[in-house]
Every structure is written in C-alpha cells, then in structure tokens.
**Student:** 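One structure, pasted below without further comment.
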Amino acid sequence: MTVAGLLLAAGAGTRFGGPKALAVLDGRPLVEHGTALLRDAGCAPIHVVLGAAAERVRAVADLGGTQPVTNEDWADGLASSLRAGLRSLPSDVDAVLITLVDQPLIDVEALRRLRAAHAGGAVVAAARYQGVTRNPVLLDRSVWPGVAEHAHGDSGARGFLRANPTLVTAVDCDDAGTPFDVDTADDLAEVRRMHGASTRHGHGTVTPMARVESTMLTLGTHAPDFALPDPSGKIWSLDAVAGQHGTLVAFLCNHCPFVAHIAVPFGQAAARWIDSGVSVIGINSNDTDTHPEDGPEKMVEFATEWNWTFPYVSDPTQSVAHAYRAACTPDFFLFDSGRRLVYRGRFDAATPGNDEPVTGAELDSAVTALLRGAPLDPEQRPSIGCNIKWKPGNEPSWSG
C-alpha cells in the first residue's frame with residue numbers, strides 16, 4: 001500500500017515575520033524538519049507545497065528526494081495548498097499523510113500510528129492530543145474529493161472531518177511529541193527552548209519544557225472583582241459567577257501546550273465542580289496583538305473542542321491578571337464562599353512530555369475539602385505553564 005507524504009509549507013507567515021518554512025531550528029529550516037519527519041515515517045513519494053517565497057525556499061532548503069509543488073493561489077489560505085497538494089499526487093497513491101511545516105515537535109511515532117490505523121482499515125486517521133483531534137492526519141484516497149470540497153480559507157481537512165465523524169479514527173498521540181504551532185517569533189523561541197532542553201527519543205518527543213511558575217498569592221486574599229467580556233460581548237462579573245460554595249478563577253489561553261495538555265480533563269472536572277456549587281470561570285489575559293490566536297473567535301473554537309461549559313472571558317487590559325498576580329497559563333485560584341483564597345497552584349503534576357498522568361488530583365482534592373468544610377492542605381505546589389503574554393510596557397514585576 002502506497003502512502004504519500006504531503007507537507008504544507010506555502011504560507012507567508014505574516015504574524016511570524018516571514019515564511020515559516022525558512023525559520024531555523026537546530027541549524028535547519030523547518031521545511032527540512034518536516035520532510036525528514038515524513039521520510040522517517042516511511043512515506044513515499046513526499047510532496048512539499050510551497051507558495052510565498054517559493055523560489056527562495058527552493059534555493060535555501062535541501063528538498064532533495066521530494067517533489068516541490070508551487071501553489072500560485074497560496075494567499076487564498078491553507079485550503080488552496082491542500083487542494084494543490086492532493087492534485088499533484090500520482091494516481092497509484094493509496095493514501096496521503098498530511099503534516100504542517102509549523103509543527104516541528106510532532107514525533108515520528110505519531111505518524112507511524114496513523115499509518116497503522118489506516119492499514120487496519122481506517123479511512124481517515126487523525127492524531128489526538130489530550131482528547132482533541134489535531135494535525136497530522138492521514139486520508140485514504142477515497143475521501144480526497146470530499147476533503148477538497150469541504151476545504152475553505154485557512155481550514156484544511158477539518159471541515160470534512162467535522163461533517164463526517166463516522167469516518168474518522170482518532171489516534172491517541174499524547175506521548176508522541178506535541179502539536180505546538182509556531183505562529184510568532186515568541187513561539188519559535190519557545191520551541192527552541194523546548195527542543196534544546198529536551199531528551200529526544202526519535203523525532204520530536206519532548207521532555208521537559210520551558211516553564212513559568214505561579215506566584216502563589218497569599219492564602220486568605222480576598223478575590224479581586226472584575227467585569228470582563230466573553231466572545232459574544234456579554235460581561236461577566238465576579239458577583240455574577242460566584243458559586244454557592246466557592247469560585248475557581250482559572251487563567252487560561254488557547255495555544256499554550258500546558259493548557260492543551262489538561263484541557264479536556266479540566267473541562268470534565270469543572271463540570272462536576274459546577275454541579276456541586278463551586279463555579280468556574282476561565283480568563284484569557286494574553287496580548288492578542290502579538291498572539292491573535294488568543295482572540296475571541298479562537299476562544300470559541302477551542303472552548304468548543306475542549307467541551308468547556310464555563311464562561312471563558314477576555315482580560316483585554318490585563319488588569320485582572322495584575323490584580324490576581326497571575327503569571328502563567330494555566331494558573332488556578334480557588335476561593336471559598338466568602339471569597340477568601342484557599343488554594344492556588346497546579347491541577348496536578350502532569351506537564352507535556354513528563355510521564356505523569358493527567359488526573360487533576362491536587363485541585364480536585366482542594367475543591368472536595370472546600371465542599372466538605374474540611375481544612376485544606378497548606379502544602380500547595382505552584383502551577384507551571386507558559387508565561388502570560390504581556391502587552392509591551394505592561395509586564396509586572398513578577399514576570400522576570
């Protein structure tokens with residue numbers, strides 16, 4: 001069975017400041033990392049879709065052993081590159097494994113699992129990280145026309161996957177790298193830190209990651225008030241969300257791998273706590289000028305994928321993050337019915353790349369004790385995650 005590799009690398013990288021295909025990691029452009037990943041997974045032939053600065057990419061990068069494909073319509077979005085790539089593949093190809101150039105920390109094991117799923121009968125095999133299906137994805141040839149038809153703008157195969165869930169086999173890849181996207185220069189710096197600090201097994205498995213710890217606000221602190229908008233424009237205040245038995249304020253975002261690592265189990269735990277009378281609100285304080293992936297539209301998209309049923313609001317001035325001395329995503333603050341801080345710290349010991357299971361045991365124990373009226377363990381460990389992306393000049397003293 002012939003499984004081709006298709007690397008989508010045509011974007012201009014407007015937010016990044018140039019084509020991400022040419023961004024350098026470990027002395028090689030990302031486009032070379034992408035082709036090596038597909039090659040290591042046993043894909044052949046390998047086609048690379050180029051667009052913005054295509055000639056420069058051809059001149060700078062070593063694309064030997066691959067077939068470059070120039071998408072003249074690259075400015076129309078990812079969908080046009082996907083269609084161009086599918087059209088370019090030979091007629092004897094049975095399936096195609098599709099990867100993105102801006103996900104350099106995907107492990108080859110993830111691709112091998114997708115291939116194994118297809119060999120076992122899967123029509124579409126999609127990598128699943130922490131309960132959410134992401135790229136990479138493998139498509140049997142039989143679905144290519146439908147995928148091309150559903151692809152629009154910057155949405156590639158996602159439209160087809162959502163319209164045909166019964167055809168999709170989700171393949172768990174939590175221990176096979178991370179799907180962290182390189183969208184900005186800060187993201188690339190973070191990937192370099194992850195990559196440089198990691199012990200690598202194969203292509204892309206990462207342990208441990210760069211991290212920022214929560215400030216551990218003084219217990220007993222009264223919850224600062226707020227009035228913040230959700231993506232629909234509705235304003236949520238502390239008075240509006242305060243629970244009968246307590247309130248959990250969680251500083252979150254869309255793109256941080258530490259948040260993605262716990263997002264689905266956290267959503268499930270939050271639903272239980274809400275049913276028990278402890279309310280939950282998520283606050284996104286990241287600067288959306290530098291990180292537009294944290295804008296309202298994406299907040300809706302990710303909250304839906306992660307099944308978050310609690311209010312998820314923006315902190316556009318970052319004043320609430322300042323008031324809570326929030327430092328990272330995720331960062332958790334649990335208040336009792338009198339709005340006094342009784343727990344601040346981590347969900348559990350799990351982080352991307354370590355071997356700890358995501359259980360939420362530490363935060364869940366705090367909520368359980370609060371509900372029972374029992375004393376909380378004073379030994380609380382700080383949360384660890386990506387730093388809040390502060391607006392220039394708005395960095396607090398604890399940001400380092």
**Student:** Identify the residue among V93, V123, D94 that makes a side-chain contact (heavy atoms from CB on, under 4.5 Å) with R141.
**Tutor:**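 Single side-chain contact (heavy atoms from CB on, under 4.5 Å) partner of R141 among V93, V123, D94: V93.
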
**Student:** Once rounded to the nearest 0.5 Å, what's the spacing between atom CG of L8 and atom CH2 of W74?
**Tutor:**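 It is 14.5 Å, given to the nearest 0.5 Å.
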
**Student:** Between K389 and D187, does any side-chain N to carboxylate O distance fall below 4.0 Å?
**Tutor:**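 Not counted as a salt bridge, because no side-chain N and carboxylate O are separated by less than 4.0 Å.
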
**Student:** Can a donor-acceptor pair be found, under 3.5 Å and without considering hydrogens, that links the side chain of H118 to the backbone of A95?
**Tutor:**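 Judged by distance alone, no pair lies under 3.5 Å.
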
**Student:** Keeping E149 on the side-chain end and V147 on the backbone end, is there a donor-acceptor pair under 3.5 Å?
**Tutor:**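 Flag not set: sc E149 to bb V147 has no pair under 3.5 Å.
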
**Student:** Going by the rule side chain to side chain donor-acceptor pair (under 3.5 Å), which residues pair with K298 if we only count those two or more places apart in sequence or in a different chain?
**Tutor:**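 Per chain and number, K298 pairs via side chain to side chain donor-acceptor pair (under 3.5 Å) with no residue.
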
**Student:** Measure the CG-CD1 distance between L86 and I98 for me, rounded to the nearest 0.5 Å.
**Tutor:**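 If we round to the nearest 0.5 Å, L86:CG and I98:CD1 are 5.5 Å apart.
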
**Student:** Do V342 and V280 sit in the same hydrophobic cluster, where Ile, Leu, Val, Met, Phe, Trp and Tyr count as joined when their side-chain heavy atoms come under 4.5 Å apart?
**Tutor:**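 Cluster IDs for V342 and V280 match.
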
**Student:** Between D172 and R128, is the closest basic N to carboxylate O distance under 4.0 Å?
**Tutor:**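 Yes, this pair counts.
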
**Student:** Fit a plane to each ring of F266 and F332, take the angle between them on a 0 to 90° scale, and name the class: parallel (under 30°), tilted (30 to 60°) or perpendicular (over 60°).
**Tutor:**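 Rings of F266 and F332: tilted, 30 to 60°.
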
**Student:** So, taking the atom named CZ in R87 and the one named CG in L89, what distance separates them when rounded to the nearest 0.5 Å?
**Tutor:**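 It comes to 11.0 Å.
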
**Student:** Side-chain contact, heavy-atom cut-off 4.5 Å: L341 with F333?
**Tutor:**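 Sidechains of F333 and L341: in contact.
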
**Student:** Please tell me whether L138 and V108 are part of a single hydrophobic cluster in this structure, the criterion being side-chain heavy atoms less than 4.5 Å apart.
**Tutor:**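 Cluster IDs for L138 and V108 match.
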
**Student:** Taking side chain as C-beta onward, heavy atoms only, is R339 less than 4.5 Å from L238?
**Tutor:**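 The answer is yes, as the side chains (C-beta and beyond) meet within the 4.5 Å cut-off.
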
**Student:** Go through H322 and T317 one step at a time and tell me if the side-chain contact (heavy atoms from CB on, under 4.5 Å) criterion holds.
**Tutor:** CA-CA 9 Å; H322 275 260; T317 68; over 6 Å; no

**Student:** Do S88 and Q67 have side chains that approach each other closer than 4.5 Å (heavy atoms only, starting at C-beta)?
**Tutor:**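 When only atoms from C-beta onward are counted, Q67 and S88 do not touch, as no gap falls below 4.5 Å.
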
**Student:** Just wondering, do L334 and W273 contact through their side chains at under 4.5 Å, heavy atoms?
**Tutor:**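 W273 does not reach L334 side chain to side chain.
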
**Student:** Inspect the contact between E305 and R162 and indicate whether a charged nitrogen and a carboxylate oxygen are less than 4.0 angstrom apart.
**Tutor:**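 The answer is yes: the pair qualifies as a salt bridge.
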
**Student:** N307 versus V264: any side-chain heavy-atom pair under 4.5 Å?
**Tutor:**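 SC-SC contact between N307 and V264 ruled out.
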
**Student:** Under 3.5 Å, which donor-acceptor pairs link side chains of residues 246-254 to any protein atom two or more places apart or in another chain?
**Tutor:**
residue, atom, partner, partner atom, Å
T247, OG1, G243, N, 3.1
T247, OG1, S279, OG, 3.4
N254, OD1, Y312, OH, 2.9
N254, ND2, E293, O, 2.8

**Student:** With distance as the sole test, does R192 use its side chain to make a donor-acceptor pair with the main-chain N or O of V24 at under 3.5 Å?
**Tutor:**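 It does hold such a pair.
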
**Student:** Scan D315, T329, N394, D331 and name whichever one has a side chain to side chain donor-acceptor pair (under 3.5 Å) with S285.
**Tutor:**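 The passing option is D315.
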
**Student:** Could you grab the distance from atom CG of L371 to atom CG of D336, nearest 0.5 Å is fine?
**Tutor:**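 Here the interatomic distance stands at 11.5 Å.
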
**Student:** Is it true that V137 and L7 fall in one hydrophobic cluster, defined by side-chain heavy atoms closer than 4.5 Å?
**Tutor:**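 In one cluster with V137: L7, no.
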
**Student:** Please examine the side chains of R346 and T351, heavy atoms only from C-beta on, and report whether any two atoms are closer than 4.5 Å.
**Tutor:**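 Sidechains of R346 and T351: no contact.
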
**Student:** Check whether W308 reaches the backbone of F302 with its side chain - one donor and one acceptor, N or O, closer than 3.5 Å.
**Tutor:**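 No, W308 side chain to F302 backbone: no donor-acceptor pair under 3.5 Å.
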
**Student:** Show, in sequence, the C-alpha distance, side-chain angles and deciding distance for R325 and T221, and conclude whether the side-chain contact (heavy atoms from CB on, under 4.5 Å) test is met.
**Tutor:** CA-CA 11 Å; R325 293 182 64 86; T221 297; over 6 Å; no

**Student:** Same cluster or not: are L37 and V3 linked, directly or through other Ile, Leu, Val, Met, Phe, Trp or Tyr residues, by side-chain heavy atoms under 4.5 angstrom apart?
**Tutor:**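 Yes; V3 is reachable from L37 via cluster members.
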
**Student:** Are the side chain of T178 and the backbone of L105 linked by a donor-acceptor contact shorter than 3.5 Å?
**Tutor:**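 Looks like no, no N/O pair under 3.5 Å.
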
**Student:** Please assess F310 against I281 for the test side-chain contact (heavy atoms from CB on, under 4.5 Å), listing each intermediate value before the final yes or no.
**Tutor:** CA-CA 6 Å; F310 50 84; I281 185 168; 5.8 Å; no

**Student:** Mark yes or no for whether R115, through its side chain, and A41, through its backbone, hold a donor-acceptor pair below 3.5 Å.
**Tutor:**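 Pair found, side chain donor or acceptor close to backbone of A41.
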
**Student:** Spell out, as yes or no, whether a donor-acceptor pair under 3.5 Å connects the side chain of E32 to the backbone of D62.
**Tutor:**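 Yes, E32 side chain to D62 backbone: donor-acceptor pair under 3.5 Å.
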
**Student:** Atom CG in N387, atom CH2 in W398: separation rounded to 0.5 Å?
**Tutor:**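 So the CG of N387 and the CH2 of W398 are separated by 13.0 Å.
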
**Student:** Are the side chain of Q318 and the backbone N or O of K391 linked by a donor-acceptor pair below 3.5 Å?
**Tutor:**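 At least one qualifying donor-acceptor pair exists.
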
**Student:** Please round to the nearest 0.5 Å and tell me the distance separating atom CZ of R134 and atom CD1 of I106.
**Tutor:**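 Between atom CZ of R134 and atom CD1 of I106 there are 8.0 Å.
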
**Student:** Sort out for me which residue in D183, T184, D181 forms a side chain to side chain donor-acceptor pair (under 3.5 Å) with K20.
**Tutor:**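 Only one option passes, and that is D183.
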
**Student:** Going by heavy atoms in the side chains, are L370 and H245 under 4.5 Å from each other?
**Tutor:**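 No, side chains not in contact.
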
**Student:** State whether the side chain of Y324 and the backbone N or O of P224 hold a donor-acceptor pair below 3.5 Å, judged by distance alone.
**Tutor:**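 Looks like yes, one N/O pair under 3.5 Å.
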
**Student:** In terms of heavy-atom contacts, does CD of E297 have more than 12 from other residues, nucleotides or ligands at under 6.0 Å?
**Tutor:**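 No, CD of E297 has 12 or fewer neighbouring heavy atoms, counting only those of other groups under 6.0 Å.
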
**Student:** Strictly by modelled atom types, are T70 and R58 linked by a side-chain donor-acceptor pair under 3.5 Å?
**Tutor:**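 The criterion, which ignores hydrogens and geometry beyond distance, is satisfied for R58 and T70.
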
**Student:** Assigning hydrophobic clusters by single linkage (Ile, Leu, Val, Met, Phe, Trp, Tyr; side-chain heavy-atom cutoff under 4.5 Å), is I262 placed with I283?
**Tutor:**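 Different clusters.
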
**Student:** Any side-chain heavy atom of F347 sitting closer than 4.5 Å to one from V358?
**Tutor:**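 With C-beta onward as the side chain, the pair touches.
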
**Student:** Pairing donors with acceptors under 3.5 angstrom, does anything connect the side chains of S232 and D230?
**Tutor:**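 Side chains of S232 and D230: pair found under 3.5 Å.
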
**Student:** Where is the tightest heavy-atom contact between A126 and L161, given as atom of each residue plus distance?
**Tutor:**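 Closest approach of A126 to L161, heavy atoms only: CB-CD2, 4.1 Å.
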
**Student:** Decide yes or no on side-chain contact (heavy atoms from CB on, under 4.5 Å) for V313 and F226, but give the supporting numbers first.
**Tutor:** CA-CA 11 Å; V313 301; F226 54 78; 5.7 Å; no

**Student:** The criterion is side chain to side chain contact (heavy atoms under 4.5 Å, CB included); which residues satisfy it with D73, sequence neighbours excluded?
**Tutor:**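 Result, side chain to side chain contact (heavy atoms under 4.5 Å, CB included) vs D73: N71, D76, S80.
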
**Student:** Check V259 against P330 and note the closest heavy-atom contact, atom names and distance.
**Tutor:**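 Distance-wise, the nearest heavy atoms are CG2-N, 3.7 Å.
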
**Student:** Does any N or O in the side chain of N135 come within less than 3.5 Å of the main-chain N or O of T99, such that one atom is a donor and the other an acceptor?
**Tutor:**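 Checked: no pair found.
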
